[in-house]
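Worth saying up front: this structure is predicted, and the values here are computed from it rather than measured. Computed over heavy atoms, backbone and side chain alike; hydrogens, waters and symmetry mates excluded.
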Amino acid sequence: MLHTGTRTVILVNPNTSRGTTSMMVELARGELAGTGLVVEGVTVEHGPSMIVDPVTLEESARHVVDAVRRRLTAQVAAVIVGAIGDPARERLAAELDVPVVGIGQAAILAAAGGGRRFAMATSTPLLVDSLTGLVERHGRSDGFTGVRLTSSDPVVLAASAEQQYQELAAAVRTCVEADGAEAVIIAGGPLSETARRLSSLDLVEIVEPVPCAARLVADLVGAGAGPGGPAGSGRGSGGAPVRHL
């Protein structure tokens with residue numbers, strides 16, 4: 001349930017895995033502790049349990065809109081779209097009076113900060129073109145060294161946290177040693193726990209999409225971001241009434 005009378009951030013998970021929702025919510029809450037922002041997780045009711053290709057990415061967009069619509073009965077400060085491809089983020093940002101941040105958007109802006117060379121490591125080969133397109137839409141292609149992949153199927157890796165960690169670690173090393181990346185995004189909401197583990201390897205700066213999105217929300221809400229806010233993240237200040245879709 002949304003907390004009325006508080007500054008609530010809705011984190012919507014575009015896949016149907018409630019475990020993934022809980023994992024992302026805990027990361028966002030940790031990042032926003034002490035800000036006065038309350039994070040509430042919303043899981044879409046329909047769609048895939050994991051977004052692994054452009055078809056499921058596109059289909060998830062309408063489920064994201066539906067999930068957010070169902071929760072617009074109370075004031076909210078911001079919305080986070082919790083899939084690396086940011087399904088429906090642009091539509092929601094255009095139609096709501098609060099900031100709407102995608103974890104892919106936030107990760108790209110953070111990774112490219114200061115003109116750094118950056119890469120992505122992920123387990124979903126069919127989403128490479130979608131992720132590359134997202135980098136292009138945010139105008140950060142010049143510093144992007146590309147996407148490196150795990151060797152196993154994403155569904156297999158989802159069932160084995162240790163194998164996921166080992167294969168993503170190998171992909172990160174390739175990003176650094178072969179591509180010269182100075183920061184690496186672990187590209188996927190369900191990969192959030194592994195991203196946190198990888199950050200302790202001290203190979204390179206690991207960019208964790210969910211914490212990046214939470215920090216961007218805090219900046220936008222604290223600044224009362226208007227129409228000129230970063231990367232079209234939405235309009236209005238924290239706690240402003242939302243306009244129904």
Side-chain angles (χ1 to χ4, degrees), residues 1-45 60-61 63-110 188-190 192-193 195-196 207-227 229-245:
M1 297 292 292
L2 287 174
H3 295 291
T4 58
T6 63
R7 286 149 55 94
T8 301
V9 177
I10 298 173
L11 191 158
V12 56
N13 177 13
N15 71 56
T16 59
S17 169
R18 296 187 183 278
T20 297
T21 305
S22 297
M23 174 174 58
M24 293 193 293
V25 165
E26 288 307 307
L27 287 172
R29 284 176 177 167
E31 203 65 39
L32 294 174
T35 65
L37 295 170
V38 176
V39 182
E40 298 289 350
V42 176
T43 306
V44 297
E45 293 186 354
S60 70
H63 301 307
V64 169
V65 172
D66 289 343
V68 172
R69 180 186 291 123
R70 288 194 304 272
R71 293 304 180 103
L72 294 183
T73 56
Q75 289 192 345
V76 297
V79 175
I80 295 174
V81 178
I84 198 69
D86 297 346
R89 188 202 72 81
E90 291 179 346
R91 173 179 172 179
L92 290 170
E95 297 182 2
L96 300 183
D97 292 323
V98 295
V100 180
V101 170
I103 65 171
Q105 166 204 20
I108 290 166
L109 297 180
S192 295
E193 286 186 344
R196 183 126 297 187
V207 179
E208 302 177 53
V210 173
C212 285
R215 288 193 293 271
L216 182 53
V217 160
D219 289 345
L220 292 173
V221 169
S233 298
R235 298 185 298 277
S237 59
V242 296
R243 184 167 66 250
H244 290 276
L245 302 178

With heavy-atom distances below 4.5 Å as the criterion, would you say the side chains of [X] and [Y] are in contact?
| X | Y | answer |
| --- | --- | --- |
| V217 | P99 | no |
| L216 | Q105 | yes |
| N13 | V44 | no |

Quick one: pull up CD in E193 and CD in E208 and give me the separation to the nearest 0.5 Å.
11.0 Å
When rounded to the nearest 0.5 angstrom, what distance separates CD1 in I80 from CZ in R89?
12.5 Å
Picking from V68, V101, D86, what satisfies side chain to side chain contact (heavy atoms under 4.5 Å, CB included) with L92?
V68
Where is the tightest heavy-atom contact between [X] and [Y], given as atom of each residue plus distance?
| X | Y | answer |
| --- | --- | --- |
| A83 | P14 | CB-CG, 3.5 Å |
| L32 | A214 | CD2-O, 3.3 Å |
| G82 | I103 | C-CD1, 3.6 Å |
| P211 | E31 | CB-OE1, 3.5 Å |
| V25 | G41 | CG2-CA, 3.4 Å |
| A67 | V42 | CB-CG1, 3.8 Å |

Strictly by salt bridge (charged side-chain N to carboxylate O under 4.0 Å, His left out), give each pair with a member in residues 20-30 just once, sequence neighbours left out.
E26-R29
What pairs meet the salt bridge (charged side-chain N to carboxylate O under 4.0 Å, His left out) rule with one or both residues in residues 12-21, with sequence neighbours excluded?
none
